[in-house]
2 protein chains.
Amino acid sequence: MNLPISCRQCPLRGTHAFSPYSDEEIDFIQGILAHQVNVKAGTIFLHEGDDGKQLYTVLSGWAFRYGSLSDGRHQIFNFLLPGDFIGLQHQLEEASQHGVEALTDLTLCVFPRDGVWDLYRTHPALGLDLTRLCAHEERIVDANLLSVGRRSATERIAMLLIHLYKRAERVGLAGSDDLDFPLTQQHIADALGLSLVHTNKTLKRLQKSGFFTLAEGRLKLVNPAAMARLADYPAWPLRAHPLI
Amino acid sequence: MNLPISCRQCPLRGTHAFSPYSDEEIDFIQGILAHQVNVKAGTIFLHEGDDGKQLYTVLSGWAFRYGSLSDGRHQIFNFLLPGDFIGLQHQLEEASQHGVEALTDLTLCVFPRDGVWDLYRTHPALGLDLTRLCAHEERIVDANLLSVGRRSATERIAMLLIHLYKRAERVGLAGSDDLDFPLTQQHIADALGLSLVHTNKTLKRLQKSGFFTLAEGRLKLVNPAAMARLADYPAWPLRAHPLI
DNA sequence: CGACTAGTTGAGCCGATTCAACCCCAGTGG
DNA sequence: CCACTGGGGTTGAATCGGCTCAACTAGTCG
């Protein structure tokens, strides 16, 4: 747990990825923010079945949401990057139906549930923005469901890599032509509904064909246009997101 | 297009499925409601790529949300039943990333986008409820993604049928021990990421084993406990939902 | 120096797919 | 009136994408 850095100095707000807020709004968010926490890679900081008394914004690092069956099979629903909000899914439930695990070391802004209610009451525009964030999350899950339900293994992998690359790039995580990519092949398999072995073989084959390289935790899209064609990647316009 | 019936007389509010609102709140909702529309079964009333200038609440009938790839493959994301809200996913986008099609004849309450903004501004508790609805939708998509990613064809079908049965039952659509079930085998296949042929064979086999019967548009769960075991159906508590 | 994690590769199998018929029934129009 | 058509459902045969099992490498940590 750290002393919170000032929200006005929030490094994320500097990028073009997020909609601008007034100083008053930013100060209000700062006011309901309880504190910041650091979470070690691999930690499950929200378990399936937990009650969600707190909500979070990812300040830095990667995480993922997942669900599981009682025999241990599990599925990653979505990856979480800086700026993503966590907890709307269970704020009114006594039991969360998904877990959230840190993929890398993580810094989170922590909001108590009551603060969120204050937000709706006193800053309706921010309330609407929270709904927008929630709706955006759902669109990502929709897109993943379309992949897992209808795309081949090859197409799924191309889709996931492009999509994560774009998302990471927009929040400033990409280098000049590549990206720190913390997923293991197991994570990719868990997100795409594939077995680890088949993920490995497909990944290899695509790299041999010159679509991308993925080694030592770095991802580089060698031929993004061909990947987009392969994945039937939709050219959605990038828009500024709310950042709470 | 009909004259709206009064929201105070809304047949859905009579059931125990929805959280109670004050008369003032109900009148406010009535005030922003533009009108009601009837939609014929099979009509796509929200296309992929449309701008969502209007939002809807399903008053009666079934519908589904879906997405598709450019070569025609498509995936149903979720089914929509009375009380479900449509449109949060695209209210701020110029282009919806999913389509919505009427499965049966449908009656919809239509809200203009600006009315929703008024709702946040003047009735923050209702705004919070809209976020709840959005979060709930996302949980359903999460559950579907878990099915499609990790359950076998047999398990997926059991899961879908139980889940839809419970959802329909809670809004009063079930008879004493069965249910009007408007999905064709093609819809089931599209929702579960399966082929039509395999869906048919699996459906037949499960019925022969005595799990359920599905014929002439009626679904009856003969052995719901065995189905729940087969599907690893989670016993989430039923809670009242908001109804906007 | 194990022990463990992440990745790699081959062999064989099986669940789900595609292709191809076929049935029943409700419209619909000549 | 009845032939025709199209939607929904059923079934068998052949194929294949992705699965499981199994073995092995390389790097890292205590």
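Below, read A as the first sequence line, B as the second, and so on, with proteins coming before strands; counting in each chain starts at 1.
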Item to check | Spacing between B/R205 atom CZ and D/dT10 atom C1', to the nearest angstrom | outcome: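 Nearest whole value for this atom pair: 15 Å.
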May I ask you to decide whether A/E155 forms a salt bridge with A/R229, counting only side-chain N to carboxylate O separations under 4.0 Å?
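So A/E155 does not pair with A/R229 through a salt bridge.
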ask   = How close or far is atom P of D/dG8 from atom CZ of B/F181, stated in whole angstroms?
value =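 B/F181 atom CZ is separated from D/dG8 atom P by 14 Å.
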Among A/D105, A/L164, A/D84, find the residue that satisfies the side chain to side chain contact (heavy atoms under 4.5 Å, CB included) test when tested with A/W62.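 Testing A/W62 for a side chain to side chain contact (heavy atoms under 4.5 Å, CB included) against A/D105, A/L164, A/D84 leaves exactly one candidate, A/L164.
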Just by distance, no angles: are the side chains of A/H187 and A/T184 close enough, under 3.5 Å, to form a donor-acceptor pair?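 Their side chains do contain a donor-acceptor pair, which is all the 3.5 Å distance test asks for.
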Distance in angstrom units between B/H198 NE2 and D/dT11 P, rounded:
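So the NE2-P distance, B/H198 to D/dT11, works out to 14 Å.
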### Query
Toward the 5' end of DNA chain C, which comes first, A/L203 or B/G193, by nearest nucleotide?
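Closer to the 5' end of DNA chain C: A/L203.
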Between B/E48 and B/S96, is any side-chain donor less than 3.5 angstrom from a side-chain acceptor?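 There is no such pair between these side chains.
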Report the distance from atom CG of B/D190 to atom P of D/dG9, rounded to the nearest whole Å.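 In whole Å, D/dG9 P lies 12 Å from B/D190 CG.
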message = Quick check on D/dG7: is either OP1 or OP2 less than 4.0 Å from any side-chain nitrogen or oxygen of B/Q185?
response =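 Checking D/dG7 against B/Q185, no side-chain N or O comes under 4.0 Å of OP1 or OP2.
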When you compare the side chain of A/L221 with that of A/T213, does any pair of heavy atoms fall below 4.5 Å?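 No, too far: nothing below the 4.5 Å cut-off.
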Between P of D/dG18 and CZ of A/R151, the distance in whole Å: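 About 14 Å, once rounded to whole Å.
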Next item on the list: On the 0 to 90° scale, with breaks at 30° and 60°, tag the B/H163-B/Y233 ring pair as parallel, tilted or perpendicular.
Entry: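 Ring orientation, 0 to 90° scale: tilted.
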Worksheet item: How long is the line joining CD of B/Q207 and P of D/dG9, in whole Å?
Response: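 Spelled out: CD on B/Q207 to P on D/dG9 is 11 Å.
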Under 4.0 Å from a heavy atom of chain B: give me the 5'-most and 3'-most nucleotides of DNA chain C that qualify.
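Using the under 4.0 Å cut-off, the span is C/dA16 to C/dC19.
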Closer to the 5' end of DNA chain D via nearest nucleotide, is it B/H187 or B/K201?
->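 Result: B/H187.
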